[in-house]
Amino acid sequence: MHKHDLVYLTEDASHDAAIEHINEEAFGPGRHTRAAARIREQGPHDLSLSFICADDGETIASVRMTPVMAGGVPGHLLGPLAVRPSHKNRGIGRELVRIAVEAARRKGSEAIILVGDPPYYGPLGFEKVAYNALTFPGPVDPGRVLVVPLGDETHARLKGTIGWRK
Ligand SMILES: CC(C)(COP(=O)(O)OP(=O)(O)OC[C@H]1O[C@@H](n2cnc3c(N)ncnc32)[C@H](O)[C@@H]1OP(=O)(O)O)[C@@H](O)C(=O)NCCC(=O)NCCS
């Protein structure tokens, strides 16, 4: 393998320590208090829809997907998404999002939801959720709640609380 061959792999338990390090580096100690993190504390993420990127065997980026019920819509919460500073701006974040959204779509997910920057996620298929349509277990900036609508009338059905689902 060439030194800088990037590979995208489904997450497994062997990636845990590296992912923890990447997220700590990207978001710092306050990351556990964010509203999206509180949903993730309600139950496990779906390993089969979560992916890492490795460079020469070293895990350098991660995206996780957590099953949620959002109002009446069975979907997935995307995040955290983080890329090590040494590997930014090479399309890795974008590719991880693309892979995760596609995998969830194939599994029947009706909505990929996240709290994030519209300028980054808009070109990746994310649209703004109607202001305050979803109630998170903590404060969120309503302008940063985004969705890839994959089901019928997804936007209209995204009304109510969002929380972990089995
Ligand atoms: C945000 C992040 C995941 C992007 O990963 P990446 O692999 O560097 O991104 P990509 O290479 O796919 O895309 C890079 C492009 O996105 C842009 N971009 C990066 N962060 C952005 C943001 N917050 N808002 C708008 N654009 C952004 C870059 O300027 C670059 O633009 P260009 O293609 O016009 O040069 C990464 O920078 C990161 O881990 N940041 C810290 C954690 C974080 O903020 N995660 C997102 C949570 S919402």
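Any value given below was found using the heavy atoms of this structure, including those in side chains, with hydrogens, waters and symmetry copies removed. Ligands are counted one by one from 1 in listed order, and the atoms in each one are counted from 1 as well.
- Of all atoms in ligand 1, numbered sequentially from 1 with element shown, those under 4.0 Å from a heavy atom of G93 are 5 (O), 6 (P), 7 (O), 12 (O).
- Remark: R84 does not engage D55 in a salt bridge, criterion side-chain N to carboxylate O under 4.0 Å.
- The atoms of ligand 1 that sit less than 4.0 Å from any heavy atom of A82 are 39 (O).
- For Y121 (side chain) and V147 (main-chain N/O), no donor-acceptor pair under 3.5 Å exists by modelled atom type.
- Residue R90 approaches ligand 1 through these ligand atoms, each under 4.0 Å from one of its heavy atoms: 11 (O).
- Residue D117 has at least one heavy-atom neighbour below 4.0 Å for each of these atoms of ligand 1: 22 (C), 23 (N), 24 (N).
- Atoms of ligand 1 lying under 4.0 Å from any heavy atom of G116, numbered from 1 in the order shown and given with element: 48 (S).
- In this model, no donor atom of one side chain and acceptor atom of the other lie less than 3.5 Å apart for H15 and T59.
- Those atoms of ligand 1 with a heavy atom of K88 less than 4.0 angstrom away are 8 (O), 36 (C), 37 (O), 38 (C), 40 (N).
- In terms of polar-atom proximity, defined here as any N/O pair under 3.5 Å, V115 makes no such contact with ligand 1.
- Between Y120 and ligand 1, at least one pair of N/O atoms sits closer than 3.5 Å.
- Ligand-side atoms of ligand 1 in range of A26: 41 (C), 42 (C), range being under 4.0 angstrom from any heavy atom.
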> Yes or no on side chain to side chain contact (heavy atoms under 4.5 Å, CB included) for I162 and V145, after CA distance, side-chain angles and deciding distance?
Replying inline: CA-CA 12 Å; I162 175 168; V145 180; over 6 Å; no

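- Distance screen at 4.0 Å: atom 43 (C) of ligand 1 has a protein heavy-atom neighbour inside the cut-off.
- At least one test fails for R98 against the ring of Y8: distance under 6.0 Å to the centre or angle within 45° of the axis.
- Nearest protein neighbour of atom 45 (N) of ligand 1, counting heavy atoms only, is L81 O, 3.0 Å.
- Taking 4.5 Å as the limit, every side-chain heavy atom of L6 sits out of range of all side-chain heavy atoms of E95.
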> Can R31 and E20 be said to form a salt bridge (Lys or Arg N to Asp or Glu O under 4.0 Å), step by step?
Replying inline: CA-CA 11 Å; R31 67 193 186 283; E20 181 63 21; 2.5 Å; yes

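- Between the side chain of W164 and the backbone N or O of E41 there is no donor-acceptor pair closer than 3.5 Å.
- Within the 4.0 angstrom cut-off, atom 2 (C) of ligand 1 has no protein heavy-atom neighbours.
- Salt bridge annotation for D141-R34: absent, with no cationic side-chain nitrogen under 4.0 angstrom from a carboxylate oxygen.
- In terms of polar-atom proximity, P119 is not counted as a contact of ligand 1, lacking any N or O under 3.5 Å from an N or O of the ligand.
- Taking each of V63, V83, L96, N89 in turn, the one with a heavy atom nearest to atom 28 (C) of ligand 1 proves to be N89.
- Protein heavy atoms are found less than 4.0 angstrom from atom 23 (N) of ligand 1.
- Nearest non-hydrogen protein atom to atom 33 (O) of ligand 1 is R94 NH1, 3.7 Å.
- Within the 3.5 Å criterion, the main-chain N or O of P119 finds no donor-acceptor partner in the side chain of D117.
- With C53, P85, G79, G91 as candidates, the residue nearest to atom 11 (O) of ligand 1 on a non-hydrogen basis is G91.
- Side-chain atoms of T161 do not come within 3.5 Å of backbone N or O of T135 as any donor-acceptor pair.
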